[in-house]
S.K.: 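Please find one structure pasted underneath; my questions will follow.
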Amino acid sequence: MKKVYIETMGCQMNKSDTERMLGMLSYFGYEETKNPEQADLLIVNTCSIRQLSEDKAFSQLGVWGKWKQSKPALKIGIAGCVAQQKAKSIFKRAPYVDFVLGTHKIYALPEIIEKISKGEKICECTETNTTEDEQAVKYDIKRVKGVNAWIPITEGCNNFCTYCIVPYTRGRERSRLPETIIKEAKDALNTGFKEITLLGQNVDSYGKDFKDRNYRLADLLRELNAIEGKFRIRFVTSYPTDITDELIKTVVELDKVCEYFHIPMQSGSSEVLKAMNRRYDRETYAGIVAKVREMVPDVTITSDFIAGFPGETEEQFQQTLSAIDEFELDYSNLAAYSPREKTVAAKWVDKFIPEDIKNERFQRLNKKVQENCLKSNLKYVGREMEVLIENFYDHKGKMINTGKTRNFKTVHIPCDKDLTGEFVNVKITGTKTWYLQGDFT
Ligand code: SAH
Ligand code: SF4
Ligand code: F3S
């Protein structure tokens, strides 16, 4: 068998695409290797959310390009968001690349492999306005072993936030068919996965594009919840204003759907939000978070924020700091603004914030996120919680099991037995900044 190595960068969407590519390739005589030096085929599955991610992709290609000099039969491909965005131009910058595979057509991979084996160079980056459901059901998915299976339910995005490249790399929003999603969920559960996470740039706008049916995220959750067996269901990412009352009610009603919402706010300032083309202001976001907290007991709410968006004043930045406190956000992913090709904000060069100020704001945000994470963890000390064990390893000389509560808190449990994949009840005995400490009751 030939060997393939895939280096995956970026978000869960890419991780899911990698699993699909590995699945497909296994039908065509390739098995995965974890050692790139042993591979006959190398693929880098790329992210272009920030300049740094894009640079990482090209430096990876550079390293592999050198290997090709002593191993001419080696084939090198680039997939993912950088591939979609840069397309053919990649051959100029990295002439040793054999194929460029965009995000819309990953199921073209087998055909591409055949062509490159004959010495052709292929670029498949045509945008489509359909999903690849029909192709997807033909192949198994080679999921990374673990307890959590990721299932994309929508692809693309229609929002065009002024900083964001995703609508250009993933195209317009397309919902995958419920039938395909339910099949993938059942397959994953049958092979031992204990948690299903539904993925989408705006998971809560799922189904808006269906012309032949009235079927939304809440309906999908209901159908998935009805599958037999003990498992959990999560969904990310929620666009704030697409969270409907029905969705919140459904989360409360359904026993397998967990008390967790990822609702990126991006900035605490209404003016900055407007410049970002987010379709809500601070007050609207506040109202949504308050409603979710009121209706869903013990809910964890996490967010994303950007530091140093073009034109952001110190005062506006401070509104982001205060938002994290005021809305008691349990955790937030942070990024310093990075200008991206084609996006609207990238043209506001005269409003760019100097790197040192952006970084300094990032650090202050980071401190705030840490404080709040600890504060929110403290609420659970002394409580009994159900944990799904995800991992077993040596932590500073002691064997521990780590896992997640329903509300997405990480828990460390000292125990010599590997309990990966089991649901256990533990008493929360203490907390660190990023995780709770638990013991069996
Ligand atoms: N669809 C999700 C976000 C997907 S992108 C949403 O709308 O919330 C993931 C995160 O990357 C974003 O939430 C944002 O915080 C960050 N991001 C996107 N573009 C960025 C840029 N140009 N610079 C810095 N961070 C960026
Ligand atoms: Fe990007 Fe905005 Fe779409 Fe999220 S909603 S993927 S931030 S354009
Ligand atoms: Fe990156 Fe593309 Fe995901 S830009 S964050 S890999 S959708």
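As the structure lists them, so they are numbered: ligands from 1, and atoms in each ligand from 1.
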S.K.: Looking at Thr191 and Asp187, would you say the former's side chain and the latter's main chain have a donor-acceptor pair under 3.5 Å?
M.R.: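 Answer holds: yes.
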S.K.: Strictly below 4.0 Å, N to O, side chains only: are Lys375 and Asp330 in salt-bridge contact?
M.R.: no
S.K.: Pairing donors with acceptors under 3.5 angstrom, does anything connect the side chains of Gln51 and Arg340?
M.R.: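 There is such a pair (donor and acceptor under 3.5 Å, judged by atom type) between the side chains of Gln51 and Arg340.
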S.K.: Do the side-chain N and O atoms of Asp304 and Asn333 include a donor-acceptor pair separated by under 3.5 angstrom?
M.R.: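 Checked: Asp304/Asn333 side chains pair up, N/O donor to acceptor below 3.5 Å.
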S.K.: Between Glu315 and Gln319, do the side chains contain a donor N or O and an acceptor N or O under 3.5 Å apart?
M.R.: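 The answer is no; no qualifying pair exists.
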S.K.: Any ion pair linking Glu173 and Lys208 (charged N to carboxylate O, less than 4.0 Å)?
M.R.: no
S.K.: Between Gln201 and ligand 3, find which residue part has any heavy-atom pair under 4.0 Å and reply side chain, backbone, both or neither.
M.R.: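 It is the side chain that gets close, since no backbone atom is under 4.0 Å.
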S.K.: Does Arg278 come within less than 4.0 Å of ligand 2, judged by its heavy atoms?
M.R.: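 Yes, Arg278 has a heavy atom closer than 4.0 Å to ligand 2.
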S.K.: Can you list, by chain and residue number, the protein N, O or S atoms under 2.8 Å from atom 1 (Fe) of ligand 2?
M.R.: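 Sorted hits: Cys164 SG.
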S.K.: If the threshold is 4.0 Å, N to carboxylate O, is there a salt bridge linking Glu32 and Lys3?
M.R.: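 No, no charged N to carboxylate O under 4.0 Å.
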S.K.: Identify, by atom number and element, the atoms of ligand 2 in contact range of Asn202, meaning under 4.0 Å from any of its heavy atoms.
M.R.: 5 (S)
S.K.: Within the 4.5 Å heavy-atom criterion, are Arg176 and Pro152 side-chain neighbours or not?
M.R.: yes
S.K.: Is there any side chain to side chain donor-acceptor pair (under 3.5 Å) pair reaching into residues 90-102, and which pairs are they, with sequence neighbours excluded?
M.R.: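 The answer is Lys68-Asp98.
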S.K.: Regarding Asn148 and Lys194, is there a side-chain donor-to-acceptor distance under 3.5 Å anywhere?
M.R.: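 No, no side-chain donor-acceptor pair sits under 3.5 Å.
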S.K.: I need the protein N, O or S atoms closer than 2.8 Å to atom 2 (Fe) of ligand 3, given as residue plus atom name.
M.R.: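 The answer, once waters are left aside, is Cys81 SG.
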S.K.: Looking only at the side chains, is there a donor atom on one of Tyr215 and Arg213 sitting less than 3.5 Å from an acceptor on the other?
M.R.: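 Distance-only check fails for Tyr215 and Arg213.
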S.K.: Is it the side chain, the backbone, both or neither of Thr237 that has a heavy atom closer than 4.0 Å to ligand 2?
M.R.: neither
S.K.: Regarding Thr46 and Lys56, do their side chains bring together a donor and an acceptor under 3.5 Å, going by distance alone?
M.R.: no
S.K.: Looking at side-chain heavy atoms only, is the closest gap between Tyr285 and Thr241 below 4.5 Å?
M.R.: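 They are not in contact (no side-chain heavy atoms under 4.5 Å apart), so the answer is no.
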S.K.: Polar pairs, ligand 1 vs protein, N/O only, below 3.5 Å.
M.R.:
| unit_1 | atom_1 | unit_2 | atom_2 | d |
| --- | --- | --- | --- | --- |
| ligand 1 | 1 (N) | Gln201 | O | 2.8 |
| ligand 1 | 1 (N) | Gln201 | OE1 | 3.1 |
| ligand 1 | 7 (O) | Arg278 | NH1 | 2.9 |
| ligand 1 | 8 (O) | Gln266 | NE2 | 3.3 |
| ligand 1 | 13 (O) | Gln266 | NE2 | 2.7 |
| ligand 1 | 13 (O) | Asp304 | OD2 | 2.6 |
| ligand 1 | 15 (O) | Gln266 | OE1 | 2.8 |
| ligand 1 | 22 (N) | Tyr163 | O | 3.0 |
| ligand 1 | 22 (N) | Ser338 | O | 2.8 |
| ligand 1 | 23 (N) | Ser338 | N | 3.0 |

S.K.: For the residue pair Asn277 and Thr162, confirm or rule out a side-chain donor-acceptor distance under 3.5 Å.
M.R.: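 There is no such pair (donor and acceptor under 3.5 Å, judged by atom type) between the side chains of Asn277 and Thr162.
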S.K.: Verify the distance criterion only: is there a donor paired with an acceptor across the side chains of Arg279 and Asn159 at less than 3.5 Å?
M.R.: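 Per modelled atom types, Arg279 and Asn159 side chains form a pair under 3.5 Å.
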